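Bear in mind that the values here come from a model prediction, so they are computed numbers and not experimental data. Protein chains get the first letters and strands the later ones, always in sequence-line order, with residue 1 at the start of each.
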Amino acid sequence: MSEATTKSMDAIMALCKRRGFIYQASEIYGGINGFWDYGPLGAQLKKNLRDAWWQDMIMNPCWGRKGPNGERVSCVPVETRIIQHPKVWEASGHVAGFNDPMTMCKECKKLMRADHVWVARLAREGEWLSFLQNTQAWNQRGGLAIPEYFTLLFGGSSLTPEERADLNAVVAITRSERPNLPAGPKFSVLAGGQDEALEQLAMTELPAKVRKHLRDERFQLAMLYRLGDPIQDDGYAPCPHCRAENCLTEPKQFNLMFPTVVGATGDWEQNKAYLRPETAQGIFVQFKNVVDTTRIRVPFGIGNTGISFRNEVTPRNYTFRSREFEQAELEFFCHPDDSQAWYKFWRDFRMEWWKSIGLASENLILREHDKDELSHYSTGTSDVEYRFPFTAPGFGELEGIAHRGCYDLSQHQQHSGVKLDYFDTDRGELLPNGSKKGERYIPHVIEPAAGLDRGALALICEAYTRDESRPSPEFLKLHPRIAPIKAAVFPLVKKDGMPEVAEHLHQELSRRFGHMGFIETDEKQSIGKRYARMDEAGCPYCFTIDGDTLKDQTVTVRDRDTGAQERMAIDKVAGFLGEKLL
RNA sequence: GCGGGCGUAGCUCAGUGGUAGAGCGUCAGCCUUCCAAGCUGAACGUCGAGGGUUCGAAUCCCUUCGCCCGCUCCA
């Protein structure tokens, strides 16, 4: 077991509250589900994380490294709005995709996505037709022939390969008696009610035996449909888990999008809008403007940090899944031929980056998504995952790096009617005048999308350390770049002119490093207590003015992690600290 | 949304029908020349909220909110 699994989340939460990292939102009113605030140290810690991202992704991308094209990586920032035109979310697929009907079994209490519950209806042709013809959806389609209707129902672009295979199997059953029904726990059978024995069999023995009976000439038709699809069954569908009958609740709509109203009249119908569920779409929507108004050229990235909102079904695990959260997203645009190389480049760099700000490698993994886990438009997605105390021995996602192809730009081009392709003058055959012919294409996109709140939480969890052998057993081993308190200056005792020297040094350090975090000073109580307080808040260095300082202008610097002290000239302190905070 | 657990000072918790407590922390003073030291003192509570039962409720009942865990979900 790694160290992370032995850390107590309760203790971490207590420390976060006690030292002003994280508070419950609206706490004096009893809190509000799924929302958390940051206190003084938390706010600064998160700003440090955001600044580190901004520096290493936008201002000096990838620490100045060259990309797969052999040139320096180039990125620019934008700041786009939380509220976008409602059509942005239709184009992106969020309005449809964030709408998951859920159903629950009253018997075994399992909750499942209704569209994951496949219901097979077996019936004679006549029964099937009358069933279909009584549905609203059927009539709206003008009574299409069954194969066409299948296609309409299941042929949508949101089908996963697995679902498509199921559909093909069903169509095959209906046409040529070649069933190939899927196995699996999420499969429920609803048989036509004429033959009880057969019905029982189909209920309990699927899928092996149902194939056999589907060959029976009495059962010419079978159909798979999903709860939540336009065709509803009669409420008879058995639970795929416990097989109890008539136990599934009516599918209930969950919409993860946060609706709001634009305009003071509050007219929901006319002016309904959404708080963004991700920052990425603002970038795609401004892609053309950035290309047109800057001299940047593909390949390049556009970054955006900011708050997003999702009406999570179950906010949980402290700040890990909040309804309001901050993202740091980069959309990196490149030629389709180069996209795989860039995908690998970003995936590897992002992993390295998280390590560089203090996440230990044994608690961090890069998980490549399986093929069937990918969105239909993605040819590759990896997650950077951290082993939180509450996920251990499993991991929780910090960042997703997705190859999104040209999906988003194409969608927005289609929905807005505005051309979003790019004319690349570095490509195409060489012309007699020495220039190139150029190539017009819709760039492919690599999207490293990080969660800043999750990142901050991971950094705190990773930093949290208990060492009973220390005078101050509980402390935060935060990376100096992330630590909200950068340094503290103490007079060893409150006399003999030490406070004055300390005050002077404190002022100097504040002037120089105050933009990076707090510089503290404290002359009250014993020196041990003051060190301990700084340890608990994660302050990496304490400078102490003692009797020798007055004689030879030296101070001690104490290292948080080891407690070791070193003596240095007082005029070297700023240089020392500046070096450490890089 | 279902089930389980929890909610008392900043933190950790005791208190099961009879005056709201302890330790730690915080603050002030004294002391103190390097690791939560010592002494003295102080502040800090709608007992998560609302309602009910009772002479009397932190305690019993109902409702509600929040947190944690499981199911489940998670671009």
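Nearest nucleotide to the side chain of A/Gln565, out of B/rC34, B/rC68, B/rU32: B/rC34.
Between B/rU26 and A/Lys529, a contact under 4.0 Å exists linking OP1 or OP2 to a side-chain N or O. An OP1 or OP2 oxygen of B/rG10 is reached within less than 4.0 angstrom by no side-chain nitrogen or oxygen of A/Lys17. For the pair A/Ser526 and B/rA37, the criterion of a side-chain N or O lying under 4.0 Å from OP1 or OP2 is met. Residue A/Asn317 places at least one side-chain N or O under 4.0 Å from the OP1 or OP2 atom of B/rC69.
Toward the 5′ end of RNA chain B lies the nearest nucleotide of A/Ala564, the other residue of the pair A/Ala564 and A/Ile28 mapping further downstream. Residue whose closest nucleotide on RNA chain B sits further toward the 5' end, between A/Tyr531 and A/Gly30: A/Tyr531.
Across all strands shown, nothing is found opposite B/rA57 as a Watson-Crick or G-U wobble partner with both distances under 3.5 Å. Pair assignment for B/rU32: none, as no Watson-Crick or G-U wobble contacts are both less than 3.5 Å. With a cut-off of 3.5 Å on both Watson-Crick or G-U wobble distances, the partner of B/rG17 is given as none. Pairing partner, B/rC71: B/rG1, with both Watson-Crick or wobble hydrogen-bond distances short of 3.5 Å. Base pairing analysis places B/rA42 opposite B/rU26; the two distances defining the Watson-Crick or G-U wobble pair are each below 3.5 Å.
Following rounding to the nearest Å, A/Phe475 (CZ) and B/rC11 (P) show an atom-to-atom distance of 23 Å. In this structure, CD of A/Glu397 is placed 9 Å from C1' of B/rA75, rounded to the nearest angstrom. Following rounding to the nearest Å, A/Leu492 (CG) and B/rU32 (C1') show an atom-to-atom distance of 9 Å. Taking atom CD of residue A/Glu523 and atom P of nucleotide B/rC27, one finds them 12 Å apart after rounding to whole Å. Between A/Arg323 atom CZ and B/rC73 atom C1' the separation is 12 Å, expressed in whole Å. A/Arg316 has its CZ atom 15 Å from the P atom of B/rG5, to the nearest Å. Atom pair A/Glu474:CD and B/rC11:C1' shows a separation of 10 Å (rounding to whole Å applied). In this structure, A/Tyr318 places its OH atom 12 Å from C1' of B/rC68, rounding to the nearest Å.
Distance noted for atom P between B/rA9 and B/rU59: 15 Å (whole Å). Atom name C1', nucleotides B/rU53 and B/rG15: the rounded distance is 22 Å, in whole Å. If you take atom C1' in B/rG21 and the same atom in B/rG70, they sit 35 Å apart, rounded to whole Å. Between B/rU64 and B/rG25, the distance separating the two C1' atoms is 33 Å to the nearest Å.
If you check every strand for non-hydrogen atoms under 4.0 Å, A/Phe490 touches nothing. At the heavy-atom level, A/Thr556 lies under 4.0 Å from base atoms of the strands shown. Among the protein residues, A/Gly39 comes within range of no part of the nucleic acid, since none of its heavy atoms lies under 4.0 Å from any strand. Among the heavy atoms of the strands lying under 4.0 Å from A/Arg558 is at least one base atom, whether or not backbone atoms are also near. As judged by a 4.0 angstrom heavy-atom cut-off over every strand, A/Asp496 is placed among the base-contacting residues.
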Show, in sequence, the C-alpha distance, side-chain angles and deciding distance for A/Arg50 and A/Glu326, and conclude whether the salt bridge (charged side-chain N to carboxylate O under 4.0 Å, His left out) test is met. CA-CA 9 Å; A/Arg50 189 190 304 112; A/Glu326 184 164 1; 2.7 Å; yes

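Both the sub-6.0 Å distance and the 45° axial angle are satisfied by A/Arg470 relative to the ring of A/Phe475.
Under the ring pair (Phe, Tyr, Trp, His ring centres under 6.0 Å) test applied with A/Trp36, the options A/Phe21, A/Tyr318, A/Tyr23 reduce to a single match, A/Tyr318.
A salt bridge does not link A/Lys529 with A/Asp522: none of the charged nitrogens is closer than 4.0 Å to a carboxylate oxygen.
Applying the salt bridge (Lys or Arg N to Asp or Glu O under 4.0 Å) rule to A/Lys17 yields the partners A/Glu27; only residues at least two apart in sequence or on another chain are considered. In this structure A/Glu474 satisfies the salt bridge (Lys or Arg N to Asp or Glu O under 4.0 Å) test together with A/Arg18, A/Arg466, sequence neighbours excluded.
Rounding to the nearest 0.5 angstrom, the gap separating the OH atom in A/Tyr541 from the CE atom in A/Met534 is 15.5 Å.
Under the 30°/60° scheme for interplanar angles, the aromatic rings of A/Phe332 and A/Trp342 are found to be tilted.
Residues A/Thr80 and A/Asn304 bring a donor and an acceptor atom of their side chains to less than 3.5 Å of each other.
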Under-3.5 Å N/O pairs linking protein and nucleotides 28-30 of chain B:
residue	atom	partner	partner atom	Å
B/rA28	OP1	A/Lys524	NZ	2.6
B/rA28	OP2	A/Lys524	NZ	3.4

